[in-house]
Amino acid sequence: MPLSLADMRRNYTLDGLQDDLTLDDPLALFRQWLQLARDTESAPVEANSMALATVDNQGRPHCRILLLKGLSDEGFTFFGNYQSDKGQEMAGNPHAAMTFFWPALERQVRIEGRVSRLDPQLSDEYFNSRPLASRLGAWASPQSRPVASRAELESLLAATGLRFVGQALPRPDGWGGYCLHPERLEFWQGRPDRLHDRFDYRLSKGGWQRNRLAP
């Protein structure tokens with residue numbers, strides 16, 4: 001039997017987003033939403049999981065799920081391999097986009113901006129805070145490159161463990177952090193009958209400008 005998708009729909013009824021309930025500072029509003037998502041979302045959903053979209057040198061978009069690891073007035077922090085596909089794409093085109101979706105709250109946040117690499121010291125601090133197995137994996141995995149088999153990948157990990165046995169494990173030069181400096185954020189709250197609430201924040205010389213968008 002063919003898979004039918006046309007009738008799959010959900011009527012969102014949990015909440016609304018009124019003009020007087022939004023904040024002038026979208027980063028403050030995002031912190032509120034993220035904290036509530038952390039307190040509400042059930043396992044295995046991670047409240048800090050996000051879709052990161054980048055564009056390659058042929059103008060083709062690519063998207064994958066990552067974890068947000070920091071939030072400051074500067075922007076949104078995440079980590080990865082600089083030589084991976086996403087790392088190469090951000091090196092060639094520093095514009096990127098993130099999307100957070102919290103189904104238990106019927107909420108979504110879209111973020112767009114420019115990406116820059118973190119200061120190496122900040123990347124060192126985060127790398128050293130990770131579990132040992134994750135740090136070894138960062139050394140062992142040639143991320144986004146073909147491998148012949150799972151056995152080859154496990155062999156690379158074992159060899160990495162032997163290489164650093166009894167030694168402090170430094171951060172690989174090709175691995176580190178990024179900060180997405182937001183220029184636009186959109187907050188979406190599901191509402192009944194597809195009349196969703198959407199608030200769009202755009203950064204201008206005078207600060208953040210907010211508008212309600214039609215759903």
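Predicted model, so just to flag it, every value in this text is computed and none were measured.
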Do [X] and [Y] touch side chain to side chain, with heavy atoms closer than 4.5 Å?
| X | Y | answer |
| --- | --- | --- |
| Val109 | Glu186 | no |
| Asn81 | Ser144 | no |
| Leu23 | Gln32 | yes |
| Arg171 | Ser123 | yes |
| Pro170 | Phe127 | no |
| Leu157 | Leu136 | yes |
| Leu132 | Leu169 | yes |

Taking [X] for the side chain and [Y] for the main chain, is one N or O donor matched with an acceptor at less than 3.5 Å?
| X | Y | answer |
| --- | --- | --- |
| Ser49 | Glu46 | yes |
| Asn128 | Asp124 | yes |
| Asn48 | Leu68 | yes |
| Arg198 | Ala214 | yes |
| Ser141 | Ala138 | no |
| Trp208 | Asp24 | no |
| Asp193 | Leu195 | no |
| Ser155 | Ala151 | no |

* Charged N to carboxylate O under 4.0 angstrom, Arg202 versus Asp200? -> yes
* Using 4.0 Å as the upper bound for N to carboxylate O, is an ion pair formed by Asp15 and Arg191? -> no
Which heavy atom in [X] sits nearest to a heavy atom in [Y], and how many Å separate them?
| X | Y | value |
| --- | --- | --- |
| Trp102 | Leu34 | CZ2-CD1, 3.9 Å |
| Leu52 | Lys86 | CD2-CD, 4.3 Å |
| Pro182 | Ile111 | CB-CG2, 4.0 Å |

* Trp188 six-ring face occupied by Arg107 cation (under 6.0 Å, within 45°) -> no
If hydrophobic clusters are built by linking Ile, Leu, Val, Met, Phe, Trp and Tyr wherever their side-chain heavy atoms come under 4.5 Å apart, do [X] and [Y] end up in the same one?
| X | Y | result |
| --- | --- | --- |
| Leu203 | Phe187 | yes |
| Tyr126 | Val115 | no |
| Leu29 | Phe101 | no |
| Leu153 | Phe164 | no |
| Trp139 | Leu156 | no |

Measure the [atom1]-[atom2] distance between [X] and [Y] for me, rounded to the nearest 0.5 Å.
| X | Y | atom1 | atom2 | value |
| --- | --- | --- | --- | --- |
| Leu213 | His196 | CG | NE2 | 13.0 Å |
| Gln18 | Arg212 | CD | CZ | 6.0 Å |
| Leu180 | Glu112 | CG | CD | 9.5 Å |
| Leu71 | Phe30 | CG | CZ | 6.0 Å |

* Before giving the answer on side chain to side chain contact (heavy atoms under 4.5 Å, CB included), spell out for Phe78 and Lys69 the whole-Å C-alpha distance, their side-chain angles and the decisive distance to 0.1 Å. => CA-CA 5 Å; Phe78 58 97; Lys69 288 299 180 178; 5.6 Å; no
[X] atom [atom1]: more than 12 heavy-atom contacts under 6.0 Å:
| X | atom1 | answer |
| --- | --- | --- |
| Gln167 | CD | yes |
| Arg60 | CZ | no |
| Glu74 | CD | no |
| Asp173 | CG | no |

Residues forming a side-chain hydrogen bond (donor to acceptor under 3.5 Å, both in side chains) with [X], sequence neighbours excluded:
| X | value |
| --- | --- |
| Asp39 | Gln35 |
| Gln108 | none |
| Glu154 | Arg150 |

[X] and [Y]: side-chain donor and acceptor closer than 3.5 Å?
| X | Y | value |
| --- | --- | --- |
| Arg64 | Thr54 | yes |
| Gln189 | Glu106 | no |
| His62 | Asp85 | no |

* **Chi angles and distances behind the side chain to side chain contact (heavy atoms under 4.5 Å, CB included) call for Leu118, Thr77** => CA-CA 8 Å; Leu118 286 186; Thr77 300; 3.5 Å; yes
* Do Leu105 and Leu14 pass the side chain to side chain contact (heavy atoms under 4.5 Å, CB included) test, and can you show the C-alpha distance, the side-chain angles, and the key distance before you say yes or no? -> CA-CA 7 Å; Leu105 297 173; Leu14 285 181; 5.6 Å; no
* To do: Name the orientation class of the two ring planes belonging to Trp175 and Phe79 (parallel below 30°, tilted from 30 to 60°, perpendicular beyond 60°).
  => parallel
* Which word best sums up how the rings of Phe100 and Phe76 line up, parallel for under 30°, tilted for 30 to 60°, or perpendicular for over 60°? -> tilted
* Asked: Should Arg31 and Asp73 be marked as a salt bridge (charged side-chain N to carboxylate O under 4.0 Å, His left out) after you check the CA-CA gap, both sets of side-chain angles, and the distance that decides it?
  -> CA-CA 11 Å; Arg31 288 187 181 94; Asp73 292 340; 3.7 Å; yes
* Output, in order, the C-alpha distance, side-chain angles, deciding distance and verdict of side-chain hydrogen bond (donor to acceptor under 3.5 Å, both in side chains) for Gln88 and Gln83. => CA-CA 6 Å; Gln88 294 295 309; Gln83 303 305 317; 3.0 Å; yes
* **Centroid-centroid under 6.0 Å between Tyr178 and Tyr82 rings** => yes
* **Arg114 and His95: CA distance, side-chain angles, deciding distance, side chain to side chain contact (heavy atoms under 4.5 Å, CB included) verdict** => CA-CA 5 Å; Arg114 292 180 62 88; His95 296 277; 3.2 Å; yes
